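Computed from a predicted model, the values in this text were never measured in an experiment.
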Amino acid sequence: MDTGSQSFPNEPNVRSSEQQVLTVSMLNRQVAAILSRQFPLIWVRGEISNFTCAASGHCYFSLKDARAQVRAVLFRSKARAVPFELRNGLQVDAQAAVGLYEARGDFQLNIERMRPAGAGDLHQQFLALREKLQNEGLFDDALKRAPPPLPRAIGVVTSLQAAALRDVLVTLARRAPQVPVVIYPAPVQGADAAPQLVRALQTAGARAEVSTLLLVRGGGSLEDLWSFNDERLARAIRASPLPVVVGVGHESDVTIADFAADLRAPTAAATMATTDRAELLARTAAGTQALRVAMRRQLEGRAQRIDTAARLLPTPMERWYQWQARFDQNVLRLRMAQRQQLVAAQNRLSRSAGRLRGPSVGAAQARLEALSRRLQEAARQQLRRRTLLLDGVAAQLDLVDPGQVVRRGYAVVRGPQGELITSVAQAIPGTDWTLDLSDGQVQTTVRNKSA
């Protein structure tokens, strides 16, 4: 063991100045190593002072309290993740690694994360509420509604004294002066801000007099923006029948209202909710010009078609000559057809006259007389057959004629009502009967009957 050497805690290889002379670089390197091992990431609270931000994006400043200060550096990659604006006089909590800037031997803090002083509890509340609403699906992209590009009117929910209101009105007057603006006033900071913001959103939804709602506020600390981390406000935004564009704070300021909104536009809410009038006029002019070009092309095409058709169509005089020629042709054809029909009729007449004048007339006359005689003979035979048949039927009728029976000495007996008496059972003593004889009737009265 070397008794002449002196050992340092956590640095066993450091020798006495008699055996080794350290350079400044070696000294600063060893001190930096000791600090990094002795101090893990720690939280330090202090006020920002001497704040500068280099062109590289790295931020340099001091953290101080009433008795001391320490230099600090926030590199560009870490500075982008800070959710608020850094400025002198701002009280912050910084999570940092304790180190030494070896080039100058400056003791400094290398900042990893930052939050407003005392915002630890608020930040935890923010994270818990965000996780709760996210698990419920309140922030789902499927629920987001795109604001109409050409709104009939725009509603603004904010404080009448807010600078953000003036910025919105100036932007709308420049971009879309033709769009009416309706303001629904409500405080944007304080304990009663969230309930009044909810009522303003509900009033705008019930009136339905605008197409899009802008919920706007300028930047501020976490405490200043805390009204926009209210659960009731987030649910009111999601329940609004109108698309809601939230423009709260700066790009680094993120609230629960931003997650619930249909569109987040922290620095350009009015721009995102409207289409620039100059752009609309330019698009209208371009569309008008395109329409004119299309119409001109259509007219030119139609004119060419008319010219082509005019060349193909004959003139009225040509048409008249064509019709006159067709008429003459039809007259000629008609005359020829009439002449042909007349000749054909004359030929048929000559043939018929020849047949009538020839010896065939006498044969036809003889045949006609023979047929007449045969017809008369057939008619006489048919008459005889019908007469014989009729005589037979008449003889049969005479056999069943009651008159013939009566003439042979029989009588037809009728009762008081003229009914035929055919049985002794019909005889009732004292009843008057009528007897029909061949030459008249006899009235008689029934005295008795015997079977």
Visitor: A side-chain contact here means heavy atoms from C-beta on lying under 4.5 Å apart; do Pro187 and Ser159 qualify?
Guide: no

Visitor: Flag yes if more than 12 heavy atoms outside Gln324 fall under 6.0 Å of its CD atom; otherwise flag no.
Guide: yes

Visitor: So do Ile183 and Leu160 actually touch side chain to side chain, heavy atoms under 4.5 Å?
Guide: yes

Visitor: Do Arg238 and Lys144 make a side-chain contact, defined as non-hydrogen atoms from C-beta onward lying under 4.5 Å apart?
Guide: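 They are in side-chain contact.
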
Visitor: Within the supplied structure, the quantity of interest is the number of heavy atoms (other residues, nucleotides, ligands) at a distance under 6.0 Å from Arg385 CZ; does it exceed 12?
Guide: yes

Visitor: Does Asp106 offer a backbone N or O that forms a donor-acceptor pair with the side chain of Arg71 under 3.5 Å?
Guide: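 No: the side chain of Arg71 does not pair with the backbone of Asp106.
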
Visitor: Have Arg335 and Gln338 got a donor and an acceptor in their side chains that come within less than 3.5 Å?
Guide: no

Visitor: Say whether, by atom type as modelled, one donor and one acceptor occur between the side chain of Thr23 and the main chain of Met26 under 3.5 angstrom.
Guide: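 Yes: the side chain of Thr23 pairs with the backbone of Met26.
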
Visitor: Please step through side chain to side chain contact (heavy atoms under 4.5 Å, CB included) for the pair Leu74 and Leu86, ending with a clear verdict.
Guide: CA-CA 11 Å; Leu74 181 66; Leu86 299 177; 3.6 Å; yes

Visitor: Would a 4.5 Å heavy-atom cut-off, applied to side chains only, mark Leu213 and Leu201 as touching?
Guide: yes

Visitor: When you compare the side chain of Val156 with that of Val216, does any pair of heavy atoms fall below 4.5 Å?
Guide: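 In contact.
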
Visitor: Working note: Phe327 + Asn330, criterion side chain to side chain contact (heavy atoms under 4.5 Å, CB included); need CA distance, chi angles, decisive distance, verdict.
Guide: CA-CA 5 Å; Phe327 177 76; Asn330 290 333; 5.6 Å; no

Visitor: Verify the distance criterion only: is there a donor paired with an acceptor across the side chains of Asp230 and Ser227 at less than 3.5 Å?
Guide: no

Visitor: Backbone N or O of Leu242 within a donor-acceptor pair of the Arg145 side chain at under 3.5 Å?
Guide: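 Side chain of Arg145 to backbone of Leu242, a donor-acceptor pair under 3.5 Å: yes, one is there.
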
Visitor: Taking C-beta and beyond as the side chain, do Arg232 and Pro195 meet within less than 4.5 Å on heavy atoms?
Guide: yes

Visitor: Are Val157 and Val188 close enough that some pair of their side-chain heavy atoms sits under 4.5 Å apart?
Guide: no

Visitor: Short question: side chain of Asn50, backbone of Phe61 - any donor-acceptor pair under 3.5 Å?
Guide: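 No; judged by distance alone, with no hydrogens or angles, the pair does not exist.
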
Visitor: If the plane angle is over 60° it's perpendicular, under 30° parallel, otherwise tilted; pick one for Phe259 and Phe126.
Guide: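 The rings of Phe259 and Phe126 sit tilted, inter-plane angle from 30° to 60°.
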
Visitor: Could you check whether Glu419 pairs with Arg414 (Lys NZ or Arg NE/NH1/NH2 to Asp/Glu carboxylate O, under 4.0 Å)?
Guide: no

Visitor: Between Asn110 and Glu112, do the side chains contain a donor N or O and an acceptor N or O under 3.5 Å apart?
Guide: no

Visitor: Taking the basic N atoms (NZ, or NE/NH1/NH2) and the acidic carboxylate oxygens, is any pair closer than 4.0 Å for Asp258 and Arg264?
Guide: yes

Visitor: Begin with the C-alpha distance, continue with both residues' side-chain angles, and end with the deciding distance and a verdict on side chain to side chain contact (heavy atoms under 4.5 Å, CB included) for Leu35 and Phe107.
Guide: CA-CA 10 Å; Leu35 290 174; Phe107 172 67; 4.1 Å; yes

Visitor: Do the non-hydrogen side-chain atoms of Thr171 and Val168 ever get within less than 4.5 Å of each other?
Guide: no

Visitor: Could you go through the salt bridge (Lys or Arg N to Asp or Glu O under 4.0 Å) check for Glu231 and Arg235 one step at a time?
Guide: CA-CA 6 Å; Glu231 179 178 354; Arg235 296 189 183 279; 3.0 Å; yes

Visitor: When you measure from the centre of the six-membered ring of Trp43, is the NZ or CZ of Arg115 under 6.0 Å away and within 45° of the axis?
Guide: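 Relative to the ring axis of Trp43, which defines the angle, Arg115 lies inside both limits.
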
Visitor: Measure from the side-chain N and O atoms of Asp65 to the backbone N and O of Arg67, and report whether any donor-acceptor pair falls under 3.5 Å.
Guide: yes

Visitor: Salt bridge check, Arg152 against Glu209: does any charged N sit closer than 4.0 Å to a carboxylate O?
Guide: no

Visitor: Could you walk me through whether Arg130 and Phe139 pass the side chain to side chain contact (heavy atoms under 4.5 Å, CB included) test, one step at a time?
Guide: CA-CA 9 Å; Arg130 185 183 67 179; Phe139 305 151; 4.0 Å; yes

